[in-house]
Amino acid sequence: MSGTLSSHILDTHLGKPAADIAVTLHRVPADGETYLLATGVTNADGRVAADSWKFDTSIDIAKYHLDVGRYTLTFATQAYFDAQNLTAFYPQVVIDFMISDGGHYHVPLLLSAHGYSTYRGS
């Protein structure tokens with residue numbers, strides 16, 4: 001069973017989507033040794049769509065599937081805040097989450113220079 005994943009970032013300080021933020025997706029196997037699975041960049045709407053991930057070609061193609069297990073999304077927020085001349089308290093945001101079935105997973109990030117929150121979206 002394999003799931004799909006999307007994400008988006010809303011800048012709560014500016015009240016708009018956060019574009020051009022690099023996002024990495026890592027798999028966290030039972031042994032705890034993470035490995036890069038895919039990369040993405042938020043578009044003008046602050047989204048990384050399920051079909052826009054760039055999977056790491058150095059790994060076995062069989063691992064491209066989002067099987068049941070643990071994953072992390074890392075959002076490189078420092079450059080985004082630097083471009084706005086804001087001092088960010090969090091230079092990156094890491095969201096650690098579980099995929100428990102073959103459904104679609106949407107992981108939104110609500111972001112400001114001094115805080116963030118997340119939830120499982122739809």
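Side-chain contact, Tyr105 with Ser122: no donor N or O sits under 3.5 Å from an acceptor N or O.
Expressed to the nearest 0.5 Å, how far OG of Ser112 lies from CG of Leu86 amounts to 9.5 Å. Here Ser117 contributes atom OG and Leu109 contributes atom CG; the two are 7.5 Å apart, rounded to the nearest 0.5 Å. One finds the CG atom of Asp45 at 12.5 Å from the CD1 atom of Ile9 (value rounded to the nearest 0.5 Å). Atom-to-atom distance recorded for His26:NE2 and Thr72:OG1 is 6.0 Å, nearest 0.5 angstrom. Here the straight-line distance linking atom CD1 of Ile99 with atom CG of Leu5 works out to 6.0 Å at 0.5 Å rounding.
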Self-check item: Stepwise side chain to side chain donor-acceptor pair (under 3.5 Å) test for Ser6 and His104
Solution: CA-CA 8 Å; Ser6 61; His104 178 70; 2.9 Å; yes
Practice problem: Dump the intermediate steps for side chain to side chain contact (heavy atoms under 4.5 Å, CB included) on Leu111 and Asp11, then the final yes or no. | Solution: CA-CA 5 Å; Leu111 181 66; Asp11 182 328; 5.6 Å; no
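Judged as a side chain to side chain donor-acceptor pair (under 3.5 Å), the pairs with a partner in residues 85-99 (not counting sequence neighbours) are, in order, Arg70-Asp96.
Of all heavy-atom pairs spanning Ala19 and Tyr80, the tightest one is O-CD1, 3.8 Å. Here the closest non-hydrogen pair linking Pro108 and Gly121 is CD-N, 3.7 Å. Gln84 and Leu14 get closest at one heavy-atom pair: OE1-CD1, 3.2 Å. Between Thr4 and Ala50, the shortest heavy-atom distance links the atoms CB-CB, 4.3 Å. Taking both residues in full, the closest heavy atoms of Pro17 and Gly46 are given as CB-N, 3.6 Å, listed atom of the first, atom of the second, then distance.
Note on Val94 and Leu25: separate hydrophobic clusters, where clusters join Ile, Leu, Val, Met, Phe, Trp and Tyr whose side-chain heavy atoms are under 4.5 Å apart, directly or indirectly. Under the 4.5 Å side-chain heavy-atom criterion for grouping Ile, Leu, Val, Met, Phe, Trp and Tyr, Leu73 is not connected to Val28 through any hydrophobic cluster. If you chain together hydrophobic residues whose side chains sit under 4.5 Å apart, Val23 and Phe55 fall into the same group.
Among residues two or more places apart in sequence or in another chain, the ring pair (Phe, Tyr, Trp, His ring centres under 6.0 Å) test is passed with His114 by none.
Thr42 contributes a side-chain N or O that, together with a main-chain N or O of Ile21, makes up a donor-acceptor pair within less than 3.5 Å. Under the 3.5 Å distance criterion, the side-chain polar atoms of Asn43 are matched with a main-chain donor or acceptor of Arg47. For Trp53 (side chain) and Val48 (main-chain N/O), no donor-acceptor pair under 3.5 Å exists by modelled atom type. Using a distance-only test at 3.5 Å, with no hydrogens or angles considered, no donor-acceptor pair links the side chain of Thr39 to the main chain of Thr24.
Side-chain contact between Tyr71 and Leu37 is present, with at least one heavy-atom pair separated by less than 4.5 Å. Between Tyr119 and Leu110, some side-chain heavy-atom pair lies under the 4.5 Å cut-off.
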